[in-house]
A.B. asks: 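Can you read through this structure? Questions will come right after.
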Amino acid sequence: MHESCGVCGVYAPDEDVARLTFFALFALQHRGQESAGIATTDGSNLQVYAKMGLVSQVFSERSLSHLTGDIAIGHNRYSTRGSSRAINVQPVAVGKGSDTIAIAHNGNIINVEHLYDELCDRGYTFKTSPIPEVIANLILSSPEKEWVDRIRYAMHRLQGAYSLTIMTNHNLFAVRGPFGVRPLCLGTVNNGWVVASESCALDHIGASFVREVEPGEIVSISDNGLESYRGGASRRALCIFEYIYFARPDSVIDGRLLYEARQAMGRGLAEEYPIGADLVMGVPDSATAAGVGYAFKSGIPLVEGLIKNRYVGRTFIEPHQRLRDLGVKLKFNPLSHVLDGKRMVVIDDSIVRGTTTPQVVRLLRKAGAKEVHMRICAPPIRYPCFFGVDMATRRELIAARKTVPEIKDFIGADSLGYLSIDGLIKAVALPKDIFCLACFTGNYPLPVQLEMDKLALETTSTGR
Ligand code: SF4
């Protein structure tokens with residue numbers, strides 16, 4: 001399962017905004033590893049530098065030194081829509097002269113095809129990623145005069161989940177979609193401002209967290225300081241997977257430190273699915289904190305059973321089938337001296353297609369584990385995501401096709417327990433109604449009728 005992008009923006013006259021953005025993107029690398037880019041403006045010239053690869057591969061001293069100005073936006077991309085090609089890197093710059101904007105986007109726009117066709121009919125042309133260009137052209141096509149009104153005009157037309165950073169020659173805008181599915185936070189750095197998908201990006205550049213950008217809000221930062229324009233969100237629907245998996249454990253969202261929420265998920269699993277075992281481990285890195293929580297609650301000693309090779313990036317693995325076939329072996333090395341003859345409780349964040357978990361179980365057994373009891377922080381995922389998470393189609397989701405006992409047999413575990421939805425909400429310790437839980441429940445926070453129709457066709461054609 002992959003998140004679709006990380007975005008950030010810096011407004012800081014007298015600072016090296018490109019370098020601050022570069023380090024913010026470094027901190028957000030986990031949200032997308034396919035491409036990275038920065039756009040800056042000095043008030044009259046808007047420059048974009050974006051390429052395929054990790055942040056450290058894309059930028060050099062030379063490229064950063066050309067990105068001058070007082071305002072910058074940045075983007076890390078994981079492609080969920082549009083292919084993984086250089087033409088789809090972000091930020092994208094659209095428009096002419098003083099009517100030029102640069103935009104970076106995280107999320108998914110459900111009605112993007114419809115808007116694309118409409119804009120094409122009106123004579124707009126597209127060069128790069130459909131979604132950011134559609135949003136940018138919608139803004140530019142607005143009959144309004146003020147940028148905030150033009151952005152609001154576009155927001156009225158967009159259906160879906162999005163967090164955006166937008167830059168004109170004089171303004172930085174941070175925009176969060178009306179349901180707040182994707183996170184976005186605001187901080188201060190020296191005499192300037194910074195916005196980012198996650199608070200860990202603020203920490204790394206020495207910025208102070210101020211607050212979340214609210215669902216439906218447009219934050220405008222310019223010579224006039226910070227101005228906020230709120231937009232009457234009808235309901236909130238923050239993606240619960242930010243807490244389970246996507247966001248870094250040192251990030252704070254809605255006042256809750258992710259590390260603490262994940263520990264609480266592990267404690268919840270120990271309460272819901274106790275088992276006699278010798279050792280507990282979390283699958284690194286996303287289930288490490290939950291492993292700690294399970295061990296605390298159960299009193300079973302915590303160990304590291306798998307060592308993760310942190311330097312294997314998707315970029316290098318994906319194109320080569322032979323390497324891809326090595327699967328988890330490229331990623332994890334089991335500690336057979338620790339595992340040999342032991343009854344293991346193994347905590348993982350989620351089971352999506354069911355392709356990785358059997359490999360993990362086999363790896364542990366081969367390294368000597370006598371029993372493997374899987375405990376999963378996310379409840380069974382039975383419905384696909386339409387809001388920018390690259391998950392799977394419904395027929396690919398193992399929990400849409402099999403019962404929990406069938407999944408236990410399929411992955412080859414001795415027992416399997418999924419945290420309940422109530423247990424998950426208790427662990428996150430925030431009100432249930434602020435979350436999107438659609439991939440567990442099928443209750444989407446906004447209409448996804450078009451996609452649901454496709455889903456019905458797909459389900460009928462496969463006989464399920
Ligand atoms: S459907 Fe699932 S993955 Fe997608 S936004 Fe909602 S909770 Fe997140």
Side-chain angles (χ1 to χ4, degrees), residues 1-7 30-32 78-81 105-112 131 158-164 176-184 197-198 212 215-216 233-248 251 253-254 256 258 261-262 265 286-287 348-354 356 376-400 418-428 430-452 454-455 458:
M1 185 190 284
H2 293 278
E3 227 290 311
S4 55
C5 298
V7 297
H30 58 289
R31 297 184 78 88
Y78 176 83
S79 64
T80 50
R81 270 182 184 255
H105 160 263
N106 169 212
N108 190 28
I109 304 299
I110 294 168
N111 62 337
V112 68
I131 291 182
L158 299 171
Q159 289 175 13
Y162 54 90
S163 283
L164 311 170
R176 194 163 173 205
F179 296 91
V181 178
R182 308 263 70 97
L184 195 61
S197 295
E198 288 181 39
E212 311 285 336
S234 55
R235 68 153 289 197
R236 300 187 64 182
L238 175 62
C239 174
I240 194 86
F241 270 93
E242 295 290 346
Y243 287 88
I244 299 170
Y245 173 83
F246 296 142
R248 263 176 44 165
S251 285
I253 302 179
D254 278 331
R256 182 73 162 140
L258 277 286
R262 287 174 192 167
M265 289 173 208
S286 52
D348 206 352
D349 54 72
S350 57
I351 300 178
V352 183
R353 292 175 175 85
T356 307
I376 309 299
C377 295
I381 300 168
R382 298 198 167 97
Y383 301 89
C385 178
F386 300 115
F387 307 125
V389 175
D390 183 23
M391 195 183 265
T393 62
R394 186 152 193 225
R395 69 178 157 187
E396 289 170 325
L397 294 169
I398 191 166
Y418 287 93
L419 190 60
S420 64
I421 293 178
D422 285 347
L424 177 60
I425 296 299
K426 188 176 160 204
V428 174
L430 289 164
K432 187 175 184 177
D433 63 5
I434 70 163
F435 289 108
C436 175
L437 301 164
C439 46
F440 313 133
T441 63
N443 296 322
Y444 293 91
L446 69 160
V448 287
Q449 198 51 53
L450 214 61
E451 279 70 16
M452 293 301 277
K454 283 184 206 159
L455 201 66
E458 183 183 88

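Keep in mind it's a predicted model, so treat the numbers as computed, not measured. Both ligands and their constituent atoms are indexed starting at 1 by order of listing.
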A.B. asks: Any N/O/S atom, side chain or main chain, of Cys436 closer to atom 6 (Fe) of ligand 1 than 2.8 Å?
C.D. replies: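 Given the 2.8 Å cut-off, Cys436 counts as a ligand of atom 6 (Fe) of ligand 1.
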
A.B. asks: Listing request: all salt bridge (Lys or Arg N to Asp or Glu O under 4.0 Å) pairs with a residue in residues 380-389, at least two apart in sequence or in separate chains.
C.D. replies: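 Non-adjacent pairs meeting salt bridge (Lys or Arg N to Asp or Glu O under 4.0 Å): zero.
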
A.B. asks: Angle class for the Phe241/Phe246 ring planes (parallel below 30°, perpendicular above 60°, tilted otherwise)?
C.D. replies: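 The arrangement is tilted - the two ring planes meet at 30° to 60°.
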
A.B. asks: For atom 4 (Fe) of ligand 1, which candidate among Cys385, Pro384, Gly442, Pro445 holds the nearest heavy atom?
C.D. replies: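 Ranked by closest heavy atom to atom 4 (Fe) of ligand 1, first place is Cys385.
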
A.B. asks: Could you tell me, atom by atom, which parts of ligand 1 come under 4.0 Å of a heavy atom of Val181?
C.D. replies: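 Heavy-atom distances to Val181 below 4.0 Å select 5 (S).
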
A.B. asks: ring-ring contact (aromatic ring centres under 6.0 Å, His included) with Tyr243: which residues, sequence neighbours excluded?
C.D. replies: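 Tyr243 satisfies ring-ring contact (aromatic ring centres under 6.0 Å, His included) with Phe435 only.
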
A.B. asks: Going by side chain to side chain contact (heavy atoms under 4.5 Å, CB included), Arg236 matches just one of Asp254, Val181, Asp433. Which one?
C.D. replies: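 Filter result, single survivor: Asp254.
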
A.B. asks: Hey, is atom 4 (Fe) of ligand 1 within less than 2.8 Å of some N/O/S atom on Cys439?
C.D. replies: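 Checking Cys439: none of its N, O or S atoms is under 2.8 Å.
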
A.B. asks: Consider salt bridge (charged side-chain N to carboxylate O under 4.0 Å, His left out). Of Arg248, Arg256, Arg31, which one does Glu242 pass it with?
C.D. replies: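 Filter result, single survivor: Arg31.
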
A.B. asks: Counting only heavy atoms closer than 4.0 Å, does ligand 1 sit against the backbone of Ile381, its side chain, both, or neither?
C.D. replies: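 Near ligand 1, Ile381 shows nothing, with every heavy atom at 4.0 Å or more.
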
A.B. asks: Could you tell me, atom by atom, which parts of ligand 1 come under 4.0 Å of a heavy atom of Phe241?
C.D. replies: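 It comes down to these atoms of ligand 1: 3 (S).
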
A.B. asks: Which heavy atom of Arg262 sits nearest to which heavy atom of Ala247, and what is that distance?
C.D. replies: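 Arg262 and Ala247 have their closest heavy atoms at NH2-O, 2.6 Å.
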
A.B. asks: For Cys239, counting its heavy atoms only, list the atoms of ligand 1 lying under 4.0 Å from any of them.
C.D. replies: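 The atoms of ligand 1 under 4.0 Å from a heavy atom of Cys239 are 3 (S), 5 (S), 7 (S), 8 (Fe).
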
